[in-house]
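Lettering of chains follows the sequences in order, A, B, ..., and the numbering in each one begins at 1.
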Amino acid sequence: MSDLEQRPTHAEDLNDQMRQRREKLQKLRDANINPYPYSFDVTHFAQPILDAFQDGMSDTVAIAGRVMTIRNMGKASFFHLQDSSGRIQVYVRKDDLGDAAYQAFKLYDIGDIVGVKGFTFRTKMGEISVHAQSLELLAKSLRPIPVAKEQEVDGKKVVYDAFSDREMRYRQRYVDLFVNPDVRDVFRKRSKMISSIRAFLDARGYLEVETPILQPIYGGASARPFTTHYNALDATFFLRIANELYLKRLIVGGFDGVYEFAKNFRNEGMSRFHNPEFTMLEFYVAYKDYIWMMETTEQLLSTVATAVNGSTTVRVGDHEIDLAPPYRRLSMAEAIKEHTGKDIEGKSEAELRQIARELSLHLDANIGSGKIIDEIFGEFVEARLIQPTFITDYPIEMSPLTKKHRSKAGLVERFELIVAGKELCNAYSELNDALDQRERLEEQAKLRARGDDEAMSLDEDFLRALEYGMPPTAGIGIGIDRLAMLLLGQDSIRDVLFFPQMKPE
RNA sequence: GAGCAUAUAGCUCAGUCGGUAGAGCAUCUCACUUUUAAUGAGAGGGUCGAUGGUUCGAGUCCAUCUAUGCUCACCA
């Protein structure tokens with residue numbers, strides 16, 4: 001064995017199984033077999049073979065994939081081969097392959113990637129299989145893989161010893177994916193979800209765009225950013241926390257509708273619901289308002305749910321949630337009244353503070369009235385909104401980028417869609433009054449001076465764009481990871497992200 | 001950032017009162033040409049997360065640290 005093959009890839013010792021696999025690799029090379037050939041002509045996939053098989057008929061097939069089980073019976077063997085579509089059993093006989101090839105097959109391991117040419121048949125025990133006429137190693141696997149055994153009990157699959165350690169599943173997602181079929185399904189559906197959203201927006205003529213991730217001024221949301229240094233400019237840059245201000249610039253530029261699936265970055269803690277980088281769909285449509293956006297959101301979500309699950313209903317815990325329109329619409333004041341009995345409409349900051357006290361809600365002394373209302377809502381209402389509910393008409397202080405309400409003083413034309421007690425969407429009639437926008441951002445600057453490090457910065461170029469004139473516009477942000485959790489029945493954001501953020505090993 | 005829990009073989013897990021480290025699967029050897037949690041016989045495999053401490057003796061008790069999970073806080 002060469003020096004190279006004895007060398008661990010990391011500074012870790014080879015365990016016995018890893019050593020044995022490397023020895024087999026060398027034996028294969030000694031037998032003049034290339035364990036890493038260049039290609040293989042695949043003609044069929046496992047699941048379609050199973051679906052199409054009819055007794056009395058036999059197809060000639062060439063399939064490729066990963067060996068997942070081996071049952072060796074001396075001069076004949078069975079193994080399961082897993083490809084992107086599923087698993088199929090392969091039957092191998094020494095008589096068919098010849099001595100040398102069967103000898104080589106004995107050096108295969110669970111986890112190896114192989115190609116099989118043969119014909120389909122049904123075994124005595126009734127399993128549709130491929131009878132191998134030739135067999136080719138396509139890639140030798142050097143690490144033992146977790147082997148989960150399955151047994152059918154009363155038609156249900158029971159899995160034994162599943163690869164279930166969450167840390168290892170996330171750190172080695174590649175293993176998680178080939179070992180756990182349910183995980184593959186989740187990510188296929190996530191992909192389906194995104195493509196159906198894209199199809200929905202494309203069908204309406206909106207333009208998919210890309211905007212800067214590295215930004216000299218961050219804005220469009222209230223959050224702490226990741227900071228970096230741009231060497232060539234010797235300047236501080238930020239990873240975007242939102243793309244809102246750039247998309248609005250594009251509306252100023254004359255596009256009627258733009259959208260972007262944006263990776264955003266927020267320098268905050270991680271949790272079941274938060275990953276520091278996450279995906280948000282934002283889209284903006286000229287000449288529309290937030291009422292229109294509510295209808296569009298209803299259509300979008302019901303369309304996407306049907307595309308992904310074939311139904312508008314999803315189960316979350318004990319609740320059956322129905323995404324079929326229409327969704328309940330409730331102003332924030334109405335929602336608070338419904339769940340606390342308190343009327344917050346037209347109340348001063350002192351009065352709101354009194355209401356909060358009556359509700360035994362402890363508040364920071366320096367927060368303003370908008371924030372107080374938000375706290376009351378967050379504490380007593382949000383988690384109780386299970387069926388999709390549009391909460392509308394937010395206090396102006398909390399919404400510096402939103403147009404003033406057409407009829408209600410002190411409020412703005414904004415809605416959030418709450419589903420299963422979580423915010424899923426946030427949308428406005430976008431503020432296009434450049435002078436009002438300047439005042440609002442100056443207000444934010446004062447908050448920042450008071451110590452609110454999540455208050456927005458004043459972006460002069462954005463204001464300049466608005467001064468040229470932006471049409472009335474409706475805009476929305478939809479948390480794609482949250483939507484994936486909802487539609488895919490996952491209770492942790494890590495289970496809908498291929499590579500969730502982890503501390504270094 | 002705070003609290004609680006977890007960390008033992010490649011995987012999934014036991015390990016009692018502190019006294020030489022266990023199982024199933026996986027791996028290796030032998031047998032077996034339609035098996036399927038294949039079967040039968042045998043074998044190997046461990047820095048018990050890390051570092052200190054208590055003790056004649058620590059997987060086990062104590063402390064600190066690391067990672068992960070859950071809850072809370074911040075947020076989407």
request  = Under 4.0 Å between any heavy atoms, over every strand shown, what does A/R171 touch: base, sugar-phosphate, or nothing? Just pick one.
outcome  = sugar-phosphate
message = Taking only the C1' atom of each, what is the distance from B/U6 to B/U60 in whole angstrom?
response = 16 Å
query = When you compare B/G22 with B/C30, how far apart are their C1' atoms, in angstrom units rounded to a whole number?
reply = 26 Å
task = Go through B/U34, B/A26, B/A76 for me and flag the one nearest to the A/I110 side chain.
result = B/A26
message = Give me the atom names and distance for the closest heavy-atom approach of A/L431 to A/P400.
response = CD2-O, 3.8 Å
Whether A/F278 stacks on the six-membered ring of B/A76 base, 5.5 Å and 30° limits = yes
ask   = Within this structure, what is the NZ-to-P distance between A/K27 and B/U29, rounded to whole angstrom?
value = 7 Å
A/E268 side-chain proximity, nearest of B/U34, B/C74, B/C28 = B/C74
request  = Provide, to the nearest angstrom, the distance between the CD atom belonging to A/E382 and the C1' atom belonging to B/C74.
outcome  = 13 Å
inquiry  = So if I take every side-chain heavy atom of A/V147 and compare against B/C32, B/A26, B/U12, which nucleotide ends up nearest?
reply    = B/A26
request  = State plainly whether the residues A/E167 and A/R171 are in salt-bridge range, i.e. N to O under 4.0 Å.
outcome  = yes
query = Roughly, in whole Å, what's the span from CE in A/M73 to P in B/C30?
reply = 17 Å
query = Rounded to the Å, how far apart are A/D99 CG and B/U33 C1'?
reply = 13 Å
task = Take atom CG of A/D176 and atom P of B/U12, then tell me their distance rounded to the nearest Å.
result = 11 Å
Six-ring centre of A/F273, A/K422 cation under 6.0 angstrom, axis tolerance 45° = yes
task = Pick base, sugar-phosphate or nothing for A/H131, based on heavy-atom distances below 4.0 Å to the nucleic acid.
result = nothing
ask   = Which part of the nucleic acid does A/A162 contact within heavy-atom distance under 4.0 Å: base, sugar-phosphate only, or nothing?
value = sugar-phosphate
note = Quick note, A/R494 side chain, CB onward, closest among B/U12, B/A67, B/C70 is B/C70
remark   = Looking only at B/U35, B/U36, B/A76, the nucleotide nearest the A/H80 side chain is B/U36
request  = Would you kindly give the CG-to-C1' distance between A/D95 and B/U34, to the nearest whole Å?
outcome  = 13 Å
ask   = B/U71 phosphate, OP1 or OP2: any side-chain N/O from A/R272 under 4.0 angstrom?
value = yes
task = In plain terms, say whether A/K446 and A/E443 are close enough for a salt bridge, that is, a side-chain N and a carboxylate O under 4.0 Å apart.
result = yes
message = So A/N426, base contact, sugar-phosphate only, or nothing? Heavy-atom distance under 4.0 Å.
response = nothing
Whole-angstrom distance between B/U35 and B/U71, as gauged at atom C1' = 48 Å
query = Starting at the 5' end of RNA chain B and moving along, which residue's nearest nucleotide shows up first, A/M168 or A/Q501?
reply = A/M168
ask   = Can you tell me how far C1' of B/U66 sits from CE of A/M502, to the nearest Å?
value = 13 Å
ask   = Roughly how far apart, to the nearest Å, are B/U54 and B/G59 at atom P?
value = 16 Å
inquiry  = Does A/K263 reach a base, just sugar-phosphate, or nothing at all? Heavy atoms under 4.0 Å.
reply    = nothing
message = Whether A/K503 contacts B/A67 is assessed here as follows: a side-chain N or O lying under 4.0 Å from the phosphate OP1 or OP2. Is that the case?
response = yes
message = Considering every strand and a 4.0 Å limit on heavy-atom distances, what is the contact class for A/S77: base, sugar-phosphate, or nothing?
response = nothing
task = Among B/A76, B/A67, B/C32, find the nucleotide with the atom closest to the side chain of A/R482.
result = B/A76
inquiry  = Could you tell me how far B/A14 sits from B/C56 if I compare only their P atoms? Round to whole Å.
reply    = 32 Å
inquiry  = If the cut-off is 4.0 Å, is A/R71 near the phosphate of B/U35, judged by side-chain N/O to OP1 or OP2?
reply    = no
request  = Measure from the side-chain heavy atoms of A/P144 and tell me the nearest of B/G10, B/C28, B/U35.
outcome  = B/G10
Pairwise P distance, B/G42 and B/A23 [rounded to whole Å] = 13 Å
query = Of all the choices, B/G10, B/U35, B/C13, which nucleotide is nearest to the side chain of A/Q89 once you look at every atom?
reply = B/U35
ask   = Is the NZ or CZ atom of A/R414 both under 6.0 Å from the centre of the six-membered ring of A/Y428 and within 45° of that ring's axis?
value = no
inquiry  = Both A/F163 and A/R21 contact RNA chain B. Taking the nearest nucleotide for each, which residue is further toward the 5' end?
reply    = A/F163
ask   = When only distance counts, do a donor and an acceptor, one from the side chain of A/D16 and one from the base of B/G44, lie under 3.5 Å apart?
value = yes
query = Using the P atom in both, what is the distance from B/C11 to B/G52, to the nearest Å?
reply = 26 Å
task = Identify whether the distance between the nearest side-chain nitrogen and carboxylate oxygen of A/E430 and A/K403 falls below 4.0 Å.
result = no
Consecutive Watson-Crick or G-U pairs in runs of at least 3, all under 3.5 Å, in which RNA chain B is involved = B:1-7 with B:66-72, B:10-13 with B:22-25, B:27-31 with B:39-43, B:49-53 with B:61-65
query = With sugar-phosphate meaning primed atoms plus P, OP1 and OP2, does A/F121 contact a base, only sugar-phosphate, or nothing at under 4.0 Å between heavy atoms?
reply = base
Would you be so kind as to tabulate the donor-acceptor pairs closer than 3.5 Å made by side chains of residues 218-226 of chain A, with sequence neighbours excluded?
from   : atom 1 : to     : atom 2 : distance (Å)
A/Y218 : OH     : A/R448 : NH2    : 3.2
A/R224 : NH1    : A/D453 : OD1    : 2.9
A/R224 : NH1    : A/D453 : OD2    : 2.9

request  = Give me the ring orientation class for A/F105 and A/Y102: parallel if the planes are under 30° apart, tilted from 30 to 60°, perpendicular past 60°.
outcome  = tilted
key: Minimum-distance nucleotide (side-chain atoms of A/Q17 versus B/A76, B/C28, B/G10)   = B/G10
inquiry  = Under 4.0 Å, heavy atoms only, any strand: does A/N275 hit a base, just the sugar-phosphate, or nothing?
reply    = base
ask   = B/G44 and B/A37: how far apart are their P atoms, nearest whole angstrom?
value = 29 Å
task = Measure from the side-chain heavy atoms of A/T123 and tell me the nearest of B/U33, B/U35, B/A76.
result = B/U35
key: Parallel, tilted or perpendicular: rings of A/F390 and A/F415 (30°, 60°)   = perpendicular
note = A/Y91 atom OH is separated from B/A38 atom P, nearest whole Å, by 17 Å
inquiry  = Would you call the rings of A/H131 and A/Y91 parallel, tilted or perpendicular, taking 30° and 60° as the class edges?
reply    = perpendicular
request  = Flag the pair A/R19 and A/D16 as a salt bridge only when some basic side-chain nitrogen lies within less than 4.0 angstrom of an acidic carboxylate oxygen.
outcome  = no
